[in-house]
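The next block holds one structure in the form of structure tokens; read it before the comments.
As a basis for the values below, the full set of heavy atoms in this structure was taken, side chains included, without hydrogen atoms, waters or symmetry mates. Order of listing sets the numbers, starting from 1, for every ligand and every atom in it.
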Amino acid sequence: MNRRRFLAAGLASLGTGCGLPNVRSGTVSPRVSVVDVRRLVVERTDPIAGRCRYLADLGARQVAQPILWARRGESFDAVIDNALPQPTTVHFHGLTLPEAQDGAGFDPIGPGGRKRVRFEVKNRSGLYWFHPHPHGFTAEQVHAGLVGLLIVTDEDDDALDAGLALPPGNRLALAIADIRVAGTAIRPYAPDPQDCLHGWVGNRSLVNGRLDASWAVAPGWVRLQLLNACNARGLLLAFRDGDELVRFHLLGTDGGLLAAPRELDRVFVYSAERVDIAIDANGRRGLQAVSLEFDPRHHAQGAALGHAHPERAHHAPLAAEAVCESAPGGQGERPADGAELPLFSLRIDGAETRTPPLPGRLSALTEAAAPPGAETRRMRLDFDERAGFVIDQTPYRADERGFSVRRGASEVWEIRNSPISMPHPMHLHGFGFRVLRRQGTFGAARKFATEPGGRFATDLGVKDTVLLWPNETLWLALDFGLPVEPAFRGPQRYMFHCHNLEHEDGMMMRNLTVV
Ligand code: C2O
Ligand code: CU
Ligand code: CU
């Protein structure tokens, strides 16, 4: 490219790139069956603001930022093409996969590289997702827009939609991210030491890639499957109709449907957690989804660390920082976790209908219980002045052996978050788990502990990511059974880490090997 063309291209992308994403409404995100994906391209669309996307190549056509649908038992078999200037992986968050397909970052795909990924979807119906997981680059790449949704369906899911008599268009899958907007520009991802300590928090929400997102739905039940795709921000999700907080029903969590719905007027959804909810739109004109204000409980102070990954020395950041940093509006205030944030709106048009009663039974999920004879494994989450946030005082090393668990074993994990700390959404690859009990929950959050054992409503479901407030101790029940199939033979390595992505890149992660 000669110099003049290079400048023209740069300015063209500055126009759309550094500026705000188009505000479009009512667009239904493209639904793609997993079996149709031949290639998944990971590409940067805007080198100025550093925005990226997934492009699904279906052979006959290409779909940007697809929403993947899989029937339980269907297979994904596609080539991942890394067109980024950084290493990447595609991790399928929440799925039970063999190590070789988990995309956990042990084996990143270099810039310009490719890798074939094949697996069968074995999990219950629910909202899962995929995102990059290369050590030291995860936070930057997810923030850049590399978040994909994967909806798994099965008979329970079919029965629920039939029971809700869902009008077409009333089922939405939404990834809620946040970005920093100053003036008319997106601030590129450039965390300072304070951001590395608390996590990168934005001042505007981006839902399925759109600012001020809005969807049109019909009166009747609306089923929303929502992912908190923010790097670090917690969401206290609620729905407003004018001044009224509209009640809704929690149907499911990370790993699928609850046994029965739970009525709520707000629900915490932390980074990487998902909720499946039903809300009755009958008799309303519109609903505004918001994150209500809450006490974020960030107690950690002290030496904050930058990213220390040696790999980062070899690859430039995704954004041309200098350009956007000088955008009008400047740096502005640091946005705070826990501040109220509008998320998206639903416009309700059409003839009123009679909303059918909510099904009383959603799945055969049983009450969480500690399996008899299960061993208890104890872990501590701490802040270390020099190392930052650590699990069991051990900063992450990719080559560490980490924890070993026996294949097929049942365990209870007792995880204690230190009192001078922050909320840590802890995530385990490969295995869903159940929450048995919470202890030490602070006052303001304790009012959400409506279930036996001090648990929150979301603790009733299958989880793969669970929040620990400072000073809390959680007891989890885990089952390390793996499918008896060649792909799962031999030791399988997974990860347990904080899904505050700045903490994850900051080494708050451990390996776990199923032997
Ligand atoms: Cu959502 Cu280790 O990942
Ligand atoms: Cu994961
Ligand atoms: Cu954390």
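Considering the Cu ion (ligand 3) as centre, the angle to ND1 of H503 and to ND1 of H424 is 110° (10° rounding). Annotation: angle subtended at atom 2 (Cu) of ligand 1 by H429 NE2 and H133 NE2 is 100°, to 10°.
For the pair R407 and F480, the cation-pi criterion (under 6.0 Å, within 45° of the ring axis) is not fulfilled. Cation-pi check for R187 over W200 is not met; the charged atom does not lie both under 6.0 angstrom from the ring centroid and within 45 degrees of its normal.
H427 lies close to the Cu ion (ligand 2), since one of its N, O or S atoms is found at a distance under 2.8 Å. Taking backbone and side chain together, H427 holds no N, O or S atom under 2.8 Å from atom 2 (Cu) of ligand 1.
Residues D154 and S125 have side chains that bring a donor and an acceptor to within less than 3.5 angstrom of each other. When only modelled atom types and interatomic distance are considered, H135 and D505 share no side-chain donor-acceptor pair under 3.5 Å.
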Take H497 and H503 through the test side-chain hydrogen bond (donor to acceptor under 3.5 Å, both in side chains) and record every step on the way to the result. CA-CA 9 Å; H497 63 83; H503 295 180; over 6 Å; no

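Checked against the Cu ion (ligand 2), the N, O or S atom of H91 at the shortest distance is NE2.
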